[in-house]
There are 2 protein chains.
Amino acid sequence: MWKGFVLQQSLVKLINFMKIDHSKKQLEILEKAAALFRDKGYAATSMRELAQAVNLKVSSIYSHFSSKEAILQVICFENAQKFTQNMASIEAQYNNPLQQLEALINLHIEIALEDTTSVTAFNDEWRHLGEARLEEFLSLRKEYEMKFCAIIEAGIAEGTIQDIQPQTIFYTILSSIRWLYDWYKPNKKLEAILIKEQVLRLLLRGIVSE
Amino acid sequence: MWKGFVLQQSLVKLINFMKIDHSKKQLEILEKAAALFRDKGYAATSMRELAQAVNLKVSSIYSHFSSKEAILQVICFENAQKFTQNMASIEAQYNNPLQQLEALINLHIEIALEDTTSVTAFNDEWRHLGEARLEEFLSLRKEYEMKFCAIIEAGIAEGTIQDIQPQTIFYTILSSIRWLYDWYKPNKKLEAILIKEQVLRLLLRGIVSE
DNA sequence: GTCTATACGATGATAGAC
DNA sequence: GTCTATCATCGTATAGAC
């Protein structure tokens, strides 16, 4: 049995450039906004609620962000960058397609377990971006998808990955991890390790036991 | 290699009781509402938009449904019932846990491929139910989860399913299918069959090839 | 940067004529 | 059942004092 995935856990370092370029108050607003967007959705979250959550009057928020959508933009694009940059570092680190894929799955699981709020908002609420920004966002997303699928494709050619449409594998991986955002409560560190190992095994080896 | 899943495709019959109990106009409203809720989200969909979509004035909608939330309620609870009833019929049809699980996965894939709008709205927008109905809904969902996990548990005990926390398997299956709602365009019948076979194989046997 | 005050369009929902 | 008319409320956003 192939056991490579046991060896390379936790090698991926998460880059937190969200903390660069923003003032303390901006960061506070971004965090609370992400939490509200995650819990109630972007459209159902009002600026009045957000203001209350950060102990400001509504108008004061506009000293930090030009609009409600501007806040969503930061959340969406900084998270998109996070995934793109991590993928680049993974590609540099491994040259084996299967190891790259495993590291990518690991990356997505780790991000899901570590940063529940911001990434969830990014995952679910990007569609509320305005037309221009939405187009930009979708193009970034498409680029990420193509790189991801290229790795899968290489693994299929090599014979280490099942011969299934790369897009199907890609979408299945990405969405299969999404329940972590909704269900995982970041209390127990031990449980996180167990979940990570089990989800990874489930995706790589399947449900059926030999 | 275990090949049972090749034999029992498409045995699951989808029950469409959504078409019972509602007038034609109510059905039209429900369909358009589901499409709008799916595309823009419940909160971002206004009654005026919905009215326009069904060629009515806003006030006329209130002759068919008592409120915007009442429409969401129908969508959520009738879809919940759909899954519950299908599960019951699967449990009656098979007594092998692995076959039951495979039929359940098949069910979820088939529903995703056949009925994109209503189920997507149900999947994503239930959280906008009012407090009382939300509680009711979550209890139905919990019940479904427990039955689903009991089947997985039986498979693990039997040795046919990998020894992984049943909840982890359950959540991974359910969410792994969700990309179909977002990405699959119901044009090509042939492609649907291919996707179904591949997703099923991916979940059951995993990404890594032997 | 934060406040009070306010603009003003959109929202869910109702009253009452036909 | 459908319409016109209307309501009260809430939405994002701005102006201007401190």
Side-chain angles (χ1 to χ4, degrees), chain A residues 19 21-77 121 124-134, chain B residues 19 21-77 121 124-134:
Chain A
K19 279 163 188 159
D21 266 335
H22 296 298
S23 71
K24 276 184 186 173
K25 201 72 195 180
Q26 277 178 321
L27 273 177
E28 192 190 341
I29 293 170
L30 285 169
E31 272 169 36
K32 297 283 186 185
L36 286 166
F37 294 169
R38 176 200 57 189
D39 292 338
K40 321 187 48 173
Y42 174 78
T45 300
S46 72
M47 292 296 273
R48 297 185 213 273
E49 280 175 294
L50 176 57
Q52 206 167 15
V54 294
N55 290 312
L56 281 181
K57 299 296 169 183
V58 188
S59 58
S60 302
I61 296 182
Y62 290 88
S63 300
H64 302 283
F65 294 96
S66 63
S67 67
K68 185 185 173 186
E69 202 204 304
I71 299 173
L72 182 63
Q73 281 172 23
V74 172
I75 292 171
C76 288
F77 283 94
D124 294 339
E125 306 302 327
W126 54 264
R127 64 175 166 170
H128 294 106
L129 289 169
E131 209 171 352
R133 291 295 177 162
L134 183 59
Chain B
K19 279 162 190 160
D21 265 334
H22 296 298
S23 71
K24 275 183 188 175
K25 202 72 195 176
Q26 277 177 321
L27 271 178
E28 192 191 341
I29 293 170
L30 284 170
E31 271 169 37
K32 296 283 185 185
L36 285 167
F37 293 170
R38 175 201 57 189
D39 292 338
K40 322 187 47 174
Y42 174 79
T45 300
S46 71
M47 292 297 274
R48 298 184 213 276
E49 279 175 294
L50 176 56
Q52 206 167 13
V54 295
N55 291 311
L56 281 180
K57 298 297 169 183
V58 189
S59 57
S60 302
I61 296 182
Y62 289 90
S63 299
H64 301 283
F65 294 96
S66 64
S67 68
K68 185 184 174 187
E69 201 205 303
I71 299 171
L72 181 65
Q73 281 171 23
V74 172
I75 292 171
C76 289
F77 283 94
D124 293 339
E125 306 302 328
W126 53 265
R127 63 176 167 170
H128 294 107
L129 289 168
E131 208 171 353
R133 291 293 177 162
L134 182 60

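A quick note: this is a predicted structure, and the numbers were derived from the prediction, not measured. Quick note on labels: first sequence line is chain A, next is B, and so on, each numbered from 1.
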For B:Leu129 versus B:Phe77, what's the shortest heavy-atom pair and its separation?
CD1-CE1, 4.2 Å
When B:Asp124, B:Ile75, B:Leu50 are each screened for side-chain contact (heavy atoms from CB on, under 4.5 Å) with B:Phe37, the one that passes is B:Ile75
Okay, side chain of A:Lys40, backbone of A:Ser46: is any donor-acceptor separation there less than 3.5 Å?
no
Side-chain heavy-atom pair A:Leu56, A:Lys25 within 4.5 angstrom cut-off:
yes
Mind checking if B:Ser23 touches a base, just sugar-phosphate, or nothing, with heavy atoms under 4.0 Å?
nothing
About how many Å separate CD1 of A:Ile71 and NZ of A:Lys32, when rounded to the nearest 0.5 Å?
14.0 Å
Might you list the N or O atoms of the protein lying below 3.5 Å from N or O atoms in nucleotides 7-10 of chain D, with each pair's distance?
none

So if I take residues 53-63 of chain A and measure heavy-atom distances to DNA chain D, which residues fall below 4.0 Å?
A:Ser59, A:Tyr62
Can you check whether A:Val74 reaches A:Gln26 side chain to side chain, under 4.5 Å on heavy atoms?
no
Please name all residues satisfying side chain to side chain donor-acceptor pair (under 3.5 Å) with A:Gln52, sequence neighbours left out, ordered by chain then number.
none
By side chain to side chain contact (heavy atoms under 4.5 Å, CB included) - contacts of A:Arg127 (at least two apart):
B:Glu125
Between the NE2 atom in A:His22 and the CG atom in A:Leu30, the distance rounded to the nearest 0.5 Å is 5.5 Å
Round to a whole Å and report the spacing from CD of A:Glu49 to C1' of D:dT12.
13 Å
Span of DNA chain C engaged by chain B, first through last nucleotide within the 4.0 Å heavy-atom cut-off, is C:dT11 to C:dA15
Can you list every side chain to side chain donor-acceptor pair (under 3.5 Å) pair that touches residues 57-72 of chain B, not counting sequence neighbours?
B:Glu69-B:Gln73
